[in-house]
Amino acid sequence: MNSLQSYNFKNKKALIRVDFNVPLDKQKKITDDTRIRAALPTILHVIKNGGSAIIMSHLGRPKNGPENDFSLIHLVEHLEKLSSTKVHFSNNCIGDEAKNICQAMKTGEITLLENVRFHSEETKGDKAFAESLSQLGDCFINDAFGTAHRAHSSTTVIAEFFPNDKMFGVLMEGEITSLEKVLNSNQKPLTAIIGGAKVSSKIPIIENLLNKVDHLIIGGGMAYTFIKANGGKIGSSLVEDDFLETALNIQELAIKKNVKIHLPVDTLTADSFSNDANKEETHINDIKKGLMGLDIGNKSEGIFSDVINNSKLILWNGPMGVFEFSNFESGTKSIAHAIKNATKNGAFSLIGGGDSVAAINKFNLADEVSYVSTGGGAMLEYLEGKTLPGIHAILN
Ligand code: AMP
């Protein structure tokens with residue numbers, strides 16, 4: 001396998017698959033350019049080392065071919081500004097226009113190709129479409145972790161056409177290194193904190209993590225399914241009655257695997273699902289009829305924080321409560337701060353999955369943890385122990 005750092009880019013045209021799926025407002029202005037910034041180190045590396053960059057990406061989910069709302073043309077100006085480099089644009093990602101622009105592009109320049117999803121072949125992983133894309137460049141770099149779990153033409157199939165000239169970009173390398181560090185290094189203790197709404201969506205992750213972790217902290221709405229399964233009274237808290245047995249099975253498996261599961265011991269209840277609801281802190285097994293637990297309580301915050309503070313590796317996915325409501329954000333916030341402290345004291349911490357990233361950003365702590373993953377679905381599948389096609393295509 002090649003590495004970006006050792007590959008010779010001199011006079012090479014590098015096809016780079018990035019994730020430029022950025023939000024645009026009604027005027028087609030970018031409202032959050034995080035994803036573009038995240039791909040810049042790879043693009044600039046190619047350019048600084050004598051190559052030129054041909055960028056492939058999707059934007060949104062176009063259904064019927066080209067649509068202005070999903071055109072990458074809206075990103076050209078900003079990419080030019082961020083990279084301080086001339087950016088050409090091809091209105092089609094394959095065909096004569098793309099070929100001509102890429103051929104005419106000078107060393108050190110960038111060509112941004114139009115949305116690959118304007119061709120329905122992309123998401124089908126069509127080989128002929130991947131081959132057409134591959135003809136534009138001399139090597140292939142996958143830097144789109146956000147779509148690494150998809151076997152699409154531009155993320156996976158294209159790699160076949162570069163058996164000796166394919167590699168990960170800086171962002172992909174960072175994601176994989178961080179995930180591997182947490183899941184497969186032998187530093188201990190390793191603590192996973194899993195929260196969020198539903199236990200059903202996290203079962204494969206929990207089952208895989210039970211093979212790896214020393215401590216599993218369970219918070220958020222999913223905790224109440226466990227509490228009910230153990231005989232607790234949960235009022236009208238979120239529950240999945242079809243998964244009570246699954247919860248007990250998970251607990252049993254944890255005992256077998258020597259994993260300590262930590263459930264909340266108290267909860268902050270509300271009399272309605274609203275930020276202005278009346279609050280009451282109660283024992284986790286004793287939630288009154290009509291009340292619902294929307295956050296973990298004070299004691300749980302303390303217990304969970306102690307576990308986190310004594311950990312060497314930390315993985316966090318999913319909030320401890322309805323952190324979007326300021327009156328029920330305390331549990332999630334205290335977990336975020338405990339992770340910050342543990343990181344300061346030398347632990348390695350990885351945060352991932354949509355809502356935990358939103359939470360860590362809300363509390364302005366993204367720079368205080370070791371790594372914040374950019375890939376929601378891709379990270380979750382990695383945590384489930386699945387082989388991601390986009391990664392496999394580069395490694396094999
Ligand atoms: P998920 O996408 O499964 O990670 O769930 C994230 C969502 O779970 C967030 O929007 C939270 O507001 C929500 N959530 C967390 N704790 C609770 C709870 N106790 N009751 C209801 N929703 C919750």
Side-chain angles (χ1 to χ4, degrees), residues 146 149 192-209 216-230 232-243 246-247 250 262-288 290-301 304 315-336 339 350-363 372-384:
H149 56 316
I193 307 138
I194 305 290
K198 292 184 170 176
V199 67
S200 53
S201 61
K202 306 275 165 91
I203 292 165
I205 295 177
I206 293 178
E207 284 177 349
N208 188 41
L209 288 178
L216 178 62
I217 293 175
I218 296 178
M222 59 190 268
Y224 301 96
T225 298
F226 284 84
I227 300 300
K228 183 168 178 182
N230 289 303
K233 291 197 191 89
I234 60 162
S236 43
S237 304
L238 206 61
V239 68
E240 288 174 282
D241 282 318
D242 292 346
F243 289 88
T246 309
I250 287 172
H262 303 268
L263 287 164
V265 294
D266 55 356
T267 174
L268 187 61
T269 61
D271 56 0
S272 67
F273 190 80
S274 128
N275 190 38
D276 304 322
N278 293 308
K279 298 187 287 180
E280 193 179 306
E281 206 164 276
T282 57
H283 190 280
I284 195 78
N285 286 332
D286 242 342
I287 304 175
K288 287 183 203 143
L291 299 187
M292 60 189 91
L294 293 190
D295 196 6
I296 55 173
N298 247 316
K299 277 194 200 129
S300 308
E301 284 183 15
F304 290 180
L315 171 72
W316 182 26
N317 171 262
M320 295 293 100
V322 186
F323 73 100
E324 297 94 334
F325 295 162
S326 56
N327 289 331
F328 297 91
E329 68 175 18
S330 170
T332 305
K333 197 173 185 173
S334 67
I335 282 343
I339 296 173
L350 170 61
I351 320 300
D355 279 307
S356 349
V357 176
I360 203 98
N361 285 330
K362 182 179 181 193
F363 307 132
V372 179
S373 176
T374 57
M379 175 174 166
L380 298 184
E381 289 199 16
Y382 203 107
L383 294 179
E384 289 173 11

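We count ligands from 1, going down the list as the structure has it; atoms in each ligand are counted the same way. All values below come from the heavy atoms of this structure, side chains included, with hydrogens, waters and symmetry mates left out.
An N or O contact shorter than 3.5 Å is missing between Ser201 and ligand 1 by distance. Between Phe273 and ligand 1, no pair of N/O atoms sits closer than 3.5 Å. Between Pro319 and ligand 1, not a single N/O pair is under 3.5 Å apart.
With Met379 as reference, Leu315 is the one residue of Val357, Ile351, Thr374, Leu315 to meet the side chain to side chain contact (heavy atoms under 4.5 Å, CB included) rule.
Of all the heavy atoms of Glu324, the ones lying under 4.0 Å from any atom of ligand 1 belong exclusively to the side chain.
The protein heavy atom nearest to atom 22 (N) of ligand 1 is Val322 CG2, 3.6 Å. For atom 7 (C) of ligand 1, the closest non-hydrogen atom on the protein side is Asp355 OD2, 3.9 Å. The closest protein non-hydrogen atom to atom 1 (P) of ligand 1 is Ala197 N, 3.7 Å. The protein heavy-atom contact nearest to atom 19 (N) of ligand 1 is Gly293 O, 3.0 Å. Of the protein's non-hydrogen atoms, Gly221 N, 3.3 Å is the one closest to atom 17 (C) of ligand 1.
A side-chain donor-acceptor contact under 3.5 Å links Asn317 to the backbone of Gly352.
Surrounding NZ of Lys362 are more than 12 heavy atoms belonging to other residues, nucleotides or ligands, all under 6.0 Å away.
Proximity of Tyr224 to ligand 1 is established by a heavy-atom distance of less than 4.0 Å.
Looking at every heavy atom in both residues, Met222 comes nearest to Lys198 through CB-C, 3.8 Å.
With hydrogens and angles left out, the side-chain atoms of Tyr224 and Thr267 include a donor and acceptor closer than 3.5 Å.
Which parts of ligand 1 touch Gly220 is read off a 4.0 Å heavy-atom cut-off, strictly below it: atoms 16 (N), 19 (N). Near Lys202, the atoms of ligand 1 lying under 4.0 angstrom from a non-hydrogen atom of the residue are 3 (O), 4 (O).
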TODO: I would like to know whether Lys288 and Thr282 meet side chain to side chain contact (heavy atoms under 4.5 Å, CB included); could you show each step before the answer?
DONE: CA-CA 9 Å; Lys288 287 183 203 143; Thr282 57; 5.6 Å; no
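To the nearest 0.5 Å, atom CG of residue Asp295 and atom CZ of residue Phe323 are 11.5 Å apart. Rounded to the nearest 0.5 Å, atoms CD1 (Ile227) and NE2 (His283) are 8.5 Å apart.
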